[in-house]
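This structure is a prediction, so every number in the text was calculated from the model and none was measured. Chain letters run A, B, ... following the sequence lines, proteins first and then strands; every chain starts at 1.
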Protein chains: 2
Amino acid sequence: MLTNRQLQVLQVIIDEFIHSAQPIGSRAIAKKNEITFSPATIRNEMADLEEMGFIEKTHTSSGRVPSEKGYRFYVDHLISPFQLSQGEMNTIQRTFEKEMVEFEQIVQKSAGILSDLTNYTSIVLGPGVFDTTLKQIQIVSMSNISAVAILITNTGHIEHRFFNVPAGIKTSDLEKLVNILNDRLVGVPIIELREKLYGEVTILLKQHSDDFATTYSYLKEALLEEQPVKLYVGGKTNIMMQPEFKDINKIQSLYTIMEQEDLIANLLRSSDKGIQVSIGHENKLDEMQGCSLITATYSLGGEQMGTIALLGPTRMEYSRVISVLNVLSRRLSKTFHSWY
Amino acid sequence: MLTNRQLQVLQVIIDEFIHSAQPIGSRAIAKKNEITFSPATIRNEMADLEEMGFIEKTHTSSGRVPSEKGYRFYVDHLISPFQLSQGEMNTIQRTFEKEMVEFEQIVQKSAGILSDLTNYTSIVLGPGVFDTTLKQIQIVSMSNISAVAILITNTGHIEHRFFNVPAGIKTSDLEKLVNILNDRLVGVPIIELREKLYGEVTILLKQHSDDFATTYSYLKEALLEEQPVKLYVGGKTNIMMQPEFKDINKIQSLYTIMEQEDLIANLLRSSDKGIQVSIGHENKLDEMQGCSLITATYSLGGEQMGTIALLGPTRMEYSRVISVLNVLSRRLSKTFHSWY
DNA sequence: TTTAGCACTCATTGATAAAGAGTGCTAACA
DNA sequence: TGTTAGCACTCTTTATCAATGAGTGCTAAA
């Protein structure tokens, strides 16, 4: 549909605009080495490209700027694979070589790398409960009336929940309770926990004293509490360096939306496998107009575990960002794979 | 040193400026009810106040603006106690009434209240290790080569540290180890942990096998890891609403400094008991020029536990902020007191 | 001692002009 | 017939200038 020459022109416009953030005129395009035709010819092509909706003018006599449709086309057809420099690869390598035994830590580090390497804002969604199973439950009594349950999953994730204990419950009772729970629950996938706790285990505990049942009901509640999602954001201030965000109101609305972790977490969680690019209006959130969000998933044994993402202006270094995400998501998958 | 009339004028200037963020002229001052003298008189007084350094002009024929010295004087001598509205008191009350069993939770909520109530940015330093003692250590084996130690303090704070386990160590060995540790360490103040671990316990464990000693050395390292400080920041975007921060660079440098949690934590930790006000240059950090930081401490049984703070422009609603901090720090102290 | 009056200063605003970048169209060219 | 040079035109940006208005400092009168 597009002629070869139009493709060339479009590519130059977007490449240039991504780096300069300035509208590109026909003269500037003609100066490029790979362009062998005159500004007048380019103007004709640009008129066509504009008619097709790939580029826009900021005013009647301005140079051209890519439209969102233009970016979409660029991402789908024009970007060339980007090679990270040896130095950058080394940085990543070194970070992952450091012995890390903790899930959270590695995920957090990744957020840092992403934003440092791209100068955009990174968002990393920690591994979900997808195929994690319960490894152990422990209960520690804190006082006469309260105790804390500690949940440990096979992925090394640890959580604790406080709960109330009825008066008169002895430590030995708690121990008995925790033994029963461990008996029944170790190895159970987290997502099936609710079902087990309400079914099987409840029935089993019916045989015991009332106090026991009350304790269990408190504990059950604590165990089933929705845990706030873990979201790691890196390079939050990077966004302020982009000229399209020199306006404080834009920044403020973006920051405000980013503080709603649930929202962002859901956004990332629902992202499809592999690299996904959402440009401007393709994002559902109004606050993200003018932004692009690029996501990549990481996985363990084919099972999708979490998502890493970069947020920047629609005028984004797509090819660079995509390869950084690619490298890092593979790296993450590999690391997790080597653990389990 | 200052005449009554000068005090009055100074007070009006600062009060007004705090609310309008605009230089105040003599005419505007004369219009105030409590002012009974003419603009010309006020101009004379203002000239004097300026000479003494309490107020400044933005240019030769502008109205006056408080200087930092002016704010300092205002805070020390002029502010009148401020009463929170009944509604605001209720908000606080309601938040604290909700049953909260967790340290972190209550501290985090406090940060939220502070920023909501003042429209500034709140920073809350969670309770330090000051007089917390170890309640229990648990160890859970994660794989052949790694395990996790879980530390529980008497204040309900829970932490976990991963560590490597030499090949050949059995679960029963770990149990033995943890029993020894609990025997020796329960009730020990966290700040003495290092000493104990290196002294007494190391000696005690010398008797056991080499494997045991190796395991212990890994574990010891993990236990003594510096834990990153817990800092809760609320209403980060509030700062963007202040007209003095319409400049994106200023915002960026402030955000960047606030991301250095260690720095901020140290700043707060070193703050003196009670309410402390640092105005503009009184702050040590360059990035905080033009800002005021007001801190309040909360305590348990006379022992200082942590700090809550509000950060805003030097043009801050001091009287309101101070009373909010007062109310909240007392409330926090009270809550913690009722727990232990 | 206080205040009215007045000249003066400076920021802000709007209007106007000049410069410059870029376009679209037309006509000439290969 | 596709390509290009030329040119009139549009629109932004920047500078300059004048008018307005808020506010001051000083002087002299009350």
For this session: Name the residue closer to the 5' end of DNA chain D, choosing between S61(B) and N44(B) according to the nucleotide with the nearest heavy atom.
Result: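 Mapping each residue to its closest nucleotide by heavy atoms, the 5'-most match is S61(B).
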Exercise. Please give, in whole Å, the distance from dT23(C) C1' to I24(A) CD1?
Worked result: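 Between C1' of dT23(C) and CD1 of I24(A): 15 Å.
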Exercise. Rounded to the Å, how far apart are R43(B) CZ and dC26(D) C1'?
Worked result: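 Distance, rounded to whole Å: 10 Å.
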Exercise. Within the structure shown, what part of the strands sits under 4.0 Å from S62(A) by heavy-atom distance: base, sugar-phosphate, or nothing?
Worked result: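 Here S62(A) touches the backbone only, sparing every base.
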For this session: Scan T58(A) against the nucleic acid and name what it touches under 4.0 Å (heavy atoms): base, sugar-phosphate only, or nothing.
Result: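 Answer is nothing: T58(A) stays at 4.0 Å or more from every strand.
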For this session: Would you indicate which nucleotide in dA5(D), dA4(C), dG24(C) comes nearest to any side-chain atom of A40(B)?
Result: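 Side chain of A40(B) sits closest to dA4(C).
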Problem set entry | DNA chain C: 5'-proximal contact among R5(B) and A47(A) (nearest heavy atom) |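 Its nearest nucleotide lies further toward 5', so the answer is R5(B).
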Exercise. Charged N to carboxylate O below 4.0 Å: is that the case for E244(A) and R315(A)?
Worked result: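 Judged by the 4.0 Å cut-off on N to carboxylate O distance, E244(A) and R315(A) do form a salt bridge.
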Exercise. Quick one: is T41(B) getting a side-chain N or O under 4.0 Å of the dT3(C) phosphate, OP1 or OP2?
Worked result: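 Checking T41(B) against dT3(C): at least one side-chain N or O falls below 4.0 Å of OP1 or OP2.
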Problem set entry | Under 4.0 angstrom between K57(B) side-chain N/O and dG25(D) OP1 or OP2 |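 Checking dG25(D) against K57(B), a side-chain N or O does come within under 4.0 Å of OP1 or OP2.
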Exercise. Got a donor-acceptor pair under 3.5 Å from the side chain of R64(B) to the base of dG25(D)?
Worked result: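 Answer no: no donor N or O sits under 3.5 Å from an acceptor.
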Problem set entry | Donor-acceptor pair (no angle test) under 3.5 Å: R27(B) side chain, dG23(D) base |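 Between dG23(D) and R27(B), which were checked side chain against base, a qualifying N/O pair under 3.5 Å is absent.
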Exercise. Within 45° of the six-membered ring axis of F245(B) and under 6.0 Å from that ring's centre, is NZ or CZ of K250(B) located there?
Worked result: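 Because its charged atom misses either the 6.0 Å distance or the 45° angle limit, K250(B) does not stack over F245(B).
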Problem set entry | Between Y232(B) and S122(B): side-chain donor-acceptor atoms closer than 3.5 Å |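 There is no such pair between these side chains.
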Exercise. Do T41(B) and S38(B) have side-chain N/O donor and acceptor atoms under 3.5 Å apart?
Worked result: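 The criterion, which ignores hydrogens and geometry beyond distance, is satisfied for S38(B) and T41(B).
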